[in-house]
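Here's the structure we're looking at; comments come further down.
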Amino acid sequence: MSLYQRQAKDAARRLIGAIIVRKFGTRILRGRIVETEAYLGPIDLASHASKGRTKRTEVMFASPGHAYVYLIYGMYDMFNIVVGAVGDAHAVLIRAAEPLDGWTENLSGPGKLARAFRVTRADNATNLCTSDSLYLVKGPRKRPRVLTTPRIGIDYALHWKDELLRFVDADSKAVSKIR
DNA sequence: ATGTCGATTTAC
DNA sequence: TAAATCGACATC
């Protein structure tokens, strides 16, 4: 079973430790994921999918393994991965990573991470299972110790703001700071 | 056609 | 504490 064919909660937890691979031109960028958030589809008031099926959310209702990239605050792209079964509209936001291969870059925060990996709306709907320039690979066998917390920046989502749907690598210093 | 507001970051 | 900056969505 693919990492992407799981409910967002499960996928988000398992994505901690996975490695993002990004290629453009002759460069290869890699980073180890240390922070994610799960968005549970139409019922989740913090998810864009709760607005229903629109032009923007269309890709979330499609098959898992695709990238959902959107613009926030007029200036930052957010990199998400569609997970679950077709129609679930579950997604996982990639919030922070540790740069690998001697790459020195601050990847702590979803806006900074997407910018550093050059992930933009042009990458929306990219199939991460078939793309050769943006995809994930398994991390080290040793699975990280994962902690859960409420999600960041969704105070408008009523009781959903308290759900423990943010996952962080307990032993990483690259986890984003809250506010 | 227009107003509100955001899954953030950075500067003051 | 607040500005930057713009598109999605709701409403008129």
Side-chain angles (χ1 to χ4, degrees), chain A residues 3-4 6-16 18 20 22 29 31 33-62 64-84 88-99 103-126 128 134 136 146-169 172-179:
Chain A
L3 195 56
Y4 306 134
R6 298 168 180 280
Q7 299 289 94
K9 206 165 160 181
D10 190 11
R13 176 182 287 275
R14 287 168 180 270
L15 280 168
I16 298 297
I20 303 170
R22 176 56 150 163
L29 268 27
I33 296 171
V34 298
E35 179 179 347
T36 61
E37 277 179 2
Y39 287 84
L40 311 190
I43 60 168
D44 180 358
L45 295 183
S47 172
H48 294 162
S50 67
K51 298 293 183 186
R53 197 164 183 149
T54 67
K55 184 166 187 178
R56 182 170 66 157
T57 64
E58 184 64 26
V59 68
M60 278 199 279
F61 289 87
H66 286 77
Y68 167 46
V69 185
Y70 67 92
L71 182 71
I72 188 67
Y73 297 114
M75 59 189 92
Y76 296 106
D77 287 292
M78 300 281 104
F79 176 37
N80 299 254
I81 298 173
V82 178
V83 300
D88 282 351
H90 279 207
V92 176
L93 170 66
I94 309 301
R95 291 188 57 89
E98 291 173 349
W103 182 28
T104 57
E105 186 75 47
N106 182 352
L107 306 177
S108 304
K112 287 186 283 189
L113 182 147
R115 188 178 58 195
F117 276 102
R118 313 289 202 279
V119 172
T120 70
R121 282 164 291 167
D123 298 296
N124 186 52
T126 291
L128 303 176
L134 180 62
L136 303 194
V146 178
L147 301 180
T148 60
T149 79
R151 294 171 292 181
I152 307 301
I154 54 151
D155 288 351
Y156 59 86
L158 303 183
H159 68 278
W160 285 95
K161 75 175 176 12
D162 302 316
E163 293 283 323
L164 300 177
L165 295 174
R166 173 171 173 257
F167 301 83
V168 305
D169 180 332
S172 175
K173 282 151 194 135
V175 170
S176 71
K177 295 172 200 149
I178 307 179
R179 238 169 297 265

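Each chain gets a letter, A, B and so on, in the order the sequences are listed, and its residues count up from 1.
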When rounded to whole Å, the NZ to C1' distance for the pair A:Lys177 and B:dT8 reads 14 Å
note: A:Arg151, atom CZ; B:dT8, atom P; distance rounded to Å ~ 11 Å
Q) With centres under 5.5 Å and planes under 30° as the test, does A:Tyr73 stack with B:dT8? A) yes
| message | Using side-chain contact (heavy atoms from CB on, under 4.5 Å), reason through A:Val168 and A:Val34 one step at a time and then give a plain yes or no. | response | CA-CA 6 Å; A:Val168 305; A:Val34 298; over 6 Å; no
Among the nucleotides C:dC9, C:dT5, B:dA7, whichever has the atom closest to the side chain of A:Thr54 is C:dC9
Is the closest side-chain heavy-atom distance between A:Ile33 and A:Ile94 below 4.5 Å?
-> yes
When pairs are called at under 3.5 Å and a stem needs at least three consecutive Watson-Crick or G-U pairs, the stems of DNA chain B are B:1-6 with C:6-11, B:8-11 with C:1-4
Testing C:dT5, B:dT8, C:dC6 for proximity to the side chain of A:Tyr76, the answer is B:dT8
Which of C:dG7, B:dT8, C:dA4 is nearest the side chain of A:Met78? It is B:dT8
Worksheet item: Considering only heavy atoms and no angle criterion, is a donor-acceptor pair shorter than 3.5 Å present between the side chain of A:Tyr70 and the base of C:dA8?
Response: no
Checking C:dT5, B:dA7, C:dA10 against the side chain of A:Ser47 (C-beta onward), the nearest is B:dA7
Per atom distances to the A:His48 side chain, the nearest of C:dT5, C:dC9, B:dA7 is B:dA7
Value for OH (A:Tyr4) from NE2 (A:His66), rounded to nearest 0.5 Å, stands at 11.0 Å
B:dT10, OP1 or OP2 - any side-chain N/O from A:Arg115 closer than 4.0 Å?
yes
ask   = Do NZ/NE/NH1/NH2 and the carboxylate oxygens of A:Arg115 and A:Asp77 come within less than 4.0 Å?
value = no
When rounded to whole Å, the CD1 to P distance for the pair A:Ile154 and B:dG6 reads 12 Å
message = Under 6.0 Å between ring centres: does that hold for A:His90 and A:Tyr39?
response = no
- Query: Stacking here means centres under 5.5 Å and planes under 30°; does A:Tyr156 stack on B:dG6?
  - Reply: no
